[in-house]
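Reading through the structure tokens given below for one structure.
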Amino acid sequence: MRFKKLLLILPVFSLTGSLCFGQEALRNGANDVIVVKRSDGRYTSTRWIAQFGKLHSLFKSREGKEVHIFVNNIPARTRMTIQDSGAVEFQGSSDNYMSSKELAELNLNYGVNSGVYVSKDLGMSFPFNVFLYHDTDKLVLTDIDGTITESDIKGHVLPLFGITADHKKVVEMFHKMDEMGFIIVYLTARSFSQDDETKEYLFEMLQNQDGFSLPKGPVFSDPNTFVDSLVSEVIERDPFVEKTETILEIKRVFDTTDKQSIMDTVVAAFGNKDTDTKAYVDAGIDEKKIYI
């Protein structure tokens, strides 16, 4: 099983050295969603982003198929449609946001809520999480590979063989931050087609480490295909662009008329590379609160 997972994340090149498959989504994947209940009672959220992979529907066309969203086993009123690339969009809208009324109808519990994207036509479904917070909550942002893991390569490869490869004391640090009331948000340049492996590593392997566990929190990956994410990380070396956009998206849902600085919400940001620093600074985070 772990060998199969290793094969799934290996980069695919053609004989000419060009990357294959382009914009085609080959594997299922989804980002988690943050929903914030503001003090005035209104709800807002980050985008609802998911993709249905071609590898899971080789003999069926995905385009135009309807997608149902279930949260805590309850169907949402709003539905989505699969596009030619495998990405999903809300019916009648391409911005992938729910209205305050639609979010309120989900009857979310504070903290984590289990979600599932379901395509009955394709006989496919896959999970994600919806996190409900208050606009007064404080966040700690962290990169994964090279920050929680010992290095980028070790973070991708060694967990496939049951080796955690995490930095010493990093799980303890985030465990204690969680106990202090801070919300840990995980940001990664990995494609969200790797979300199963990523979440298994964070929330299964990095548990009960000398009595400490990595806290459950939203995971935001690069909402592009594995190949595109690989090009961004390894060849173009600009993963900070997508990460900055994600941070600004998170900032937006916590903004109120009384607080519109990202430092009113984010208390610390952790990374291991210059690109992490650039992503944080470009999003408006004070360099004194960035730990590389």
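In this structure, CZ on Arg62 lies 8.5 Å from CD on Gln51, to the nearest 0.5 angstrom. Expressed to the nearest 0.5 Å, how far NZ of Lys251 lies from OG1 of Thr265 amounts to 8.0 Å. Distance check: Asp255 CG to Gln260 CD gives 5.5 Å after rounding to the nearest 0.5 Å. Note that CD1 of Ile49 and CG of Asn96 are 6.5 Å apart. Values are rounded to the nearest 0.5 Å. Note that CD of Gln194 is 13.0 Å distant from NZ of Lys199, once rounded to the nearest 0.5 Å.
Between the side chains of Glu102 and Thr78, at least one donor N or O sits under 3.5 Å from an acceptor N or O. Side-chain contact check for Asp95 and Ser93: at least one donor-acceptor pair (N or O, by modelled atom type) lies under 3.5 Å.
Remark: aromatic rings of Phe128 and Phe192 are distant, center separation not under 6.0 Å.
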| query | Given Phe174 and Phe270, is the ring-ring contact (aromatic ring centres under 6.0 Å, His included) satisfied, shown in steps? | reply | CA-CA 11 Å; Phe174 287 123; Phe270 294 84; 5.5 Å; yes
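Using a 4.0 Å cut-off between charged side-chain N and carboxylate O, Glu197 and Arg27 make a salt bridge. The pair Arg42-Asp40 meets the salt-bridge criterion, with a side-chain N (NZ, NE, NH1 or NH2) lying under 4.0 Å from an Asp/Glu carboxylate O. Note on Glu179 versus Lys176: no salt bridge recorded, every NZ/NE/NH1/NH2 to OD/OE distance being 4.0 Å or above. No salt bridge links Lys259 with Asp135; every basic N to acidic carboxylate O contact stays at or beyond 4.0 Å.
Residues forming a salt bridge (Lys or Arg N to Asp or Glu O under 4.0 Å) with Asp178 (at least two apart in sequence, or on another chain): none. Take Lys138 and apply the salt bridge (Lys or Arg N to Asp or Glu O under 4.0 Å) test, not counting sequence neighbours, and it matches no residue. In this view, Thr198 and Arg190 satisfy the side-chain hydrogen bond (donor to acceptor under 3.5 Å, both in side chains) rule, not counting sequence neighbours.
When hydrophobic side chains of Ile, Leu, Val, Met, Phe, Trp and Tyr are connected at separations under 4.5 Å, Tyr97 ends up as a singleton with no cluster partners. Applying the under-4.5 Å side-chain rule to Ile, Leu, Val, Met, Phe, Trp and Tyr, the cluster around Val36 extends to Ile34, Tyr110, Val112, Phe131, Tyr133, Leu139, Leu141, Ile183, Val185, Leu187, Phe220, Ile247, Ile250, Val253, Phe254, Ile262, Met263, Val266, Tyr280, Val281, Ile285, Ile290, Ile292.
A side-chain donor-acceptor contact under 3.5 Å links Thr149 to the backbone of Gly146.
Closest heavy-atom contact between Asp222 and Ala189: CB-O, 3.6 Å. Residue His175 comes nearest to Gly211 through the heavy atom pair CE1-O, 4.1 Å, listed as atom of the first residue, atom of the second, then distance.
Screening Asp274, Asp282, Asp276 for a side-chain hydrogen bond (donor to acceptor under 3.5 Å, both in side chains) involving Lys278 leaves a single residue, Asp282.
Residue pairs that meet the salt bridge (Lys or Arg N to Asp or Glu O under 4.0 Å) test with at least one member in residues 203-216, sequence neighbours left out, do not exist here.
Ring-plane geometry between Tyr117 and Phe126 is classed as tilted, the angle between the planes lying from 30 to 60 degrees on a 0 to 90 degree scale.
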